[in-house]
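Letters A, B, ... are given to chains in the order of the sequence lines, protein chains preceding strands, and every chain is numbered from 1.
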2 protein chains.
Amino acid sequence: MSAQTHLAQIGALVGDPTRANILLALMDGQARTAKELAFLARVGAPTASAHLAKLVDGGLLTAVAQGRHRYYRIASPDIGRMIEVMLGFAGTIAGSAARPLRRAGPADERMRAARTCYDHIAGRLGVAIADAMQGAGHVVLEDGAGRLTSSGHVFLLRLGVDLDEGRSGRILCRPCLDWSERRFHLAGQVGKALCNHCLRLGWVERTRDSRALAITPTGQAAFQTFFGIAACDADPQPAEHRAEATPSPVT
Amino acid sequence: MSAQTHLAQIGALVGDPTRANILLALMDGQARTAKELAFLARVGAPTASAHLAKLVDGGLLTAVAQGRHRYYRIASPDIGRMIEVMLGFAGTIAGSAARPLRRAGPADERMRAARTCYDHIAGRLGVAIADAMQGAGHVVLEDGAGRLTSSGHVFLLRLGVDLDEGRSGRILCRPCLDWSERRFHLAGQVGKALCNHCLRLGWVERTRDSRALAITPTGQAAFQTFFGIAACDADPQPAEHRAEATPSPVT
DNA sequence: CCGATCCTTCGCTATCGGTCGAAGCGTTCT
DNA sequence: AGAACGCTTCGACCGATAGCGAAGGATCGG
């Protein structure tokens, strides 16, 4: 591929208004579903699907299948920087101030704070746990498959988490894309064991008619002590700012 | 104009293969004529004209009329940086190594070294003089109109240049786009007076059947002494690398 | 002053690509 | 198991636009 062809390809990808809308909607780094992006770009689902396929094919986006949803995100920080340069290429032009993007999420605030995702914890609490574990070097989240490090092994053992490590010493941990936070949380054996541990010790409690989890005062203290996590039950954003497109909670 | 509209506009401008070719041909910072750009982009003159108009309208290029030619160049270093980012957005992709661009110029090497442009000096010598004067703070070249500073005034007086400053103390100096070097040299009263001065003192000599100027040994020494200019008559580039499209020398 | 050159505008054609409706496939919820 | 949902593919439509030939305006060379 020659240089000019390459340049034209990049330009053409960003040059379509619908694709530009999609890219801008993803510029906050979060992942979004195809339907939601179709709504944000004011376009039908088939059209959005075609555009998303082109953007993935061109290397600007990556897609992650999650149940019946497909989450799209900017492929790399480099892509984000390129778009930023294109946006502000000649300094401040017109009224191109970055308008705050609406944030999508379940209507139920309690579910956004913490909920079960099949057999593990999702929501802000789940993401916070994943962040803490990753930051401490207890887990390494690679593409599609995570790994529990030796320090993570020790950490969970001292916490009293039952890892049930009879079978398959490899796939202990799996990253799971969080629906409301649009970031990865811990699934797999580690996620399952952690969830059971939290429930058993009364750190979180199931709620009626919902997958939402209530964080108990005991849990507040425990998460702070063991993971360095502050309160997760405060909604940092008013409800009015949520997106109109609200797919049903899946993860 | 909203942000996504703006982003899409930039992308669409760069997204066309012909426009991408034009932009890449101008990425060395030199100015080129419409015909030459049409040739480099492998497209007809009307098509190139339309694309150039769009690029100018979009703020990516600027145009300077020079006789019956129109010289186009990248509008600002910011634009150049943006294109570079787009070219290498994901590190090294494919074989996108910047291939050396052909360099256009008059067929006559002597004219590329030094020639008269109406009443002043053009070619490598003219550009070198302009660079030296500008670097020393003797002239300030603004957009379309240059100005001789007080130090430049003194410099020319001590050199013995007759500025003929009876009329209009303002437009002493005019930047003139050099045809072969594609950069500005000094025109206007300053350029004219300098040219006459060089001819009178035998620093350069007119040649038969051509506007080319021959730099005499005396001139070599003088330009080195007063302007810090090394030899201008050595062609730094083999003749084979010149562009096929060779407009007749005008300036 | 006339021919040549450069650039643009006008008019036209053909092609590319964005858009949507309908249908198909896989997944999830009841 | 059946229904609902999310996403993609297919087929068709159509508007936008790149491309060129011809003509016009402007400038330069002789």
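B:Leu61 CG to B:Tyr71 OH: the interatomic distance, rounded to the nearest 0.5 Å, is 15.5 Å.
In this structure, the nucleotide among D:dT8, C:dT5, C:dT8 sitting nearest to the side chain of B:Arg68 is C:dT5. Side chain of B:Arg70, nearest nucleotide from D:dC7, C:dT28, C:dT8: C:dT8. Side-chain proximity of B:Pro46 to the nucleotides D:dG21, C:dG26, C:dC20 is greatest for D:dG21.
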Which protein N or O atoms sit under 3.5 Å from an N or O of nucleotides 17-19 of chain D?
unit_1	atom_1	unit_2	atom_2	d
D:dA18	OP1	B:Arg19	NH2	3.3
D:dA18	OP2	B:Lys54	NZ	2.3
D:dG19	OP1	B:Thr18	OG1	2.9
D:dG19	OP2	B:Thr18	OG1	3.1
D:dG19	OP2	B:His51	NE2	2.6

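Distance, A:Glu36 CD to D:dC5 C1': 16 Å, rounded to whole Å. Across the protein-nucleic acid pair, A:Arg32 atom CZ and D:dC7 atom C1' stand 18 Å apart, rounded to whole Å. The distance between atom OH of A:Tyr71 and atom C1' of C:dT27, rounded to the nearest whole Å, is 13 Å. We find that CG of A:Asn21 is positioned 15 Å from C1' of C:dT19, with the value rounded to whole Å. Rounded to a whole Å, the NZ atom of A:Lys35 is 16 Å from the C1' atom of C:dC20. Rounded to a whole Å, the CG atom of A:Asp57 is 15 Å from the C1' atom of D:dT8. At whole-Å resolution of the value, NE2 in A:His69 and P in D:dA4 are 17 Å apart. Remark: P of C:dT9 and CG of B:Leu52 are 11 Å apart, rounded to the nearest angstrom.
The phosphate of D:dT8 (OP1 or OP2) has a side-chain N or O of A:Tyr72 nearer than 4.0 angstrom.
Among all heavy-atom pairs drawn from B:Leu40 and B:Arg32, the shortest one is CD1-CD, 4.0 Å.
A 4.5 Å side-chain heavy-atom check between A:Leu13 and A:Leu23 finds every atom pair outside the cut-off. At a threshold of 4.5 Å between non-hydrogen side-chain atoms, the residues A:Ile10 and A:Met82 count as touching. Residues A:Asn21 and A:Arg42 are not in side-chain contact: their nearest non-hydrogen atoms beyond the backbone lie 4.5 Å or more apart. The shortest distance between side-chain heavy atoms of A:Ile121 and A:Leu194 does not fall below 4.5 Å.
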Side chains of residues 48-60 of chain B: which donor-acceptor pairs under 3.5 Å do they make with residues two or more places apart or in other chains?
unit_1	atom_1	unit_2	atom_2	d
B:His51	ND1	B:Arg19	NH1	3.0

